[in-house]
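Structure first, commentary second.
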Amino acid sequence: MNPVTGLSLGRIAIGVTSLANPSMAAQQMMLDPRTNPQVPYVTRLFGTREIALGAATLLASGKARRTLVLLGILVDVADAATGYLATKDGSAPAKAGQAMTAVASGAVVAGLLGLREGKSATA
């Protein structure tokens with residue numbers, strides 16, 4: 001499976017999980033929805049974004065698909081920065097911020113690999 005397809009399917013799976021069971025998804029991200037009742041709301045927002053980006057990328061081809069891969073990379077860079085900042089400012093537990101940064105950074109790498117392969121980012 002090429003990196004773009006894998007990343008897109010992963011986005012959809014994470015998104016569906018975040019919508020279907022936002023508290024469980026938040027706990028997987030090491031966030032505590034019991035102490036912060038807004039976490040499920042934000043988790044659902046995240047899930048919706050991931051489903052939309054993953055599905056749009058899977059359905060697109062050519063230049064549109066490449067553009068969506070680039071957009072996904074930008075989103076993942078922002079997510080990695082957010083995880084890093086959450087660790088620094090204490091808005092999330094250190095392990096949670098580090099894990100979110102690592103996962104988002106991995107998605108950046110997958111997107112870049114997809115672009116590098118060229119064909120997989122536009123097929």
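Remember, it's a predicted structure, so these values are computed and weren't measured experimentally. The chain is numbered in sequence order, starting from 1. Scope of the values below: all heavy atoms of this structure, side chains included, with no hydrogens, waters or symmetry mates.
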Does any N or O in the side chain of Thr67 come within less than 3.5 Å of the main-chain N or O of Lys63, such that one atom is a donor and the other an acceptor?
yes
inquiry  = Whether the side chain of Thr5 engages the backbone of Asn2 through a donor-acceptor N/O pair (distance < 3.5 Å, no angle test) should be reported.
reply    = no
side-chain contact (heavy atoms from CB on, under 4.5 Å), that's the test. Do Gln27 and Arg34 meet it? Break it down for me.
CA-CA 10 Å; Gln27 289 170 344; Arg34 292 176 306 244; 3.9 Å; yes
Closest non-hydrogen contact found for Gly47 with Ser18 is CA-CB, 3.7 Å
- Task: Quick one: do Val39 and Asn36 satisfy side-chain contact (heavy atoms from CB on, under 4.5 Å)? Show the steps, please.
- Result: CA-CA 6 Å; Val39 167; Asn36 185 344; 3.7 Å; yes
Tell me, do Leu19 and Ile51 make a side-chain contact under 4.5 Å, heavy atoms counted? yes
Output for pair (Gln28 CD, Asn21 CG), nearest 0.5 Å, gives 9.5 Å
In Leu7, Thr57, Leu58, Leu53, the residue satisfying side chain to side chain contact (heavy atoms under 4.5 Å, CB included) with Ile12 is Leu58
_Just so I know, are the side chains of Met24 and Met29 near enough to count as touching, which here means a heavy-atom distance under 4.5 Å?_
no
> Among side-chain atoms of Thr82 and Asp79, is any donor-acceptor pair under 3.5 angstrom?
Replying inline: no
Problem set entry | Connected via hydrophobic side-chain network under 4.5 Å: Ile14 and Val16 | no
> So do the side chains of Leu9 and Met1 get within less than 4.5 Å of each other, counting heavy atoms only?
Replying inline: yes
Residue pairs passing the side-chain hydrogen bond (donor to acceptor under 3.5 Å, both in side chains) test with at least one member in residues 6-17, sequence neighbours excluded, are Arg11-Glu50, Arg11-Asp76
Worksheet item: According to a 4.5 Å side-chain heavy-atom criterion applied to Ile, Leu, Val, Met, Phe, Trp and Tyr, with indirect links allowed, do Leu70 and Val77 form part of one hydrophobic cluster?
Response: yes
Of all heavy-atom pairs linking Ala60 and Arg65, the shortest is O-CD, 3.5 Å
Heavy-atom closest pair (Leu68 atom, Ala56 atom, distance to 0.1 Å) is CD1-O, 3.4 Å
Please table the atom pairs, donor to acceptor, closer than 3.5 Å between any side-chain atom in residues 100-108 and protein atoms at least two apart or in another chain.
| residue | atom | partner | partner atom | Å |
| --- | --- | --- | --- | --- |
| Thr101 | OG1 | Ala80 | O | 3.3 |
| Thr101 | OG1 | Tyr84 | N | 2.9 |
| Thr101 | OG1 | Gly97 | O | 2.8 |
| Ser105 | OG | Thr101 | O | 2.8 |

(Q) Is any side-chain heavy atom of Glu117 closer than 4.5 Å to one of Val4? (A) no
* Ser91 side chain vs Thr87 backbone, donor-acceptor pair below 3.5 Å -> no
Practice prompt. With the side chain counted from C-beta on, respond yes when Val42 and Phe46 share a heavy-atom pair under 4.5 Å apart, and no when they do not.
Written response: no
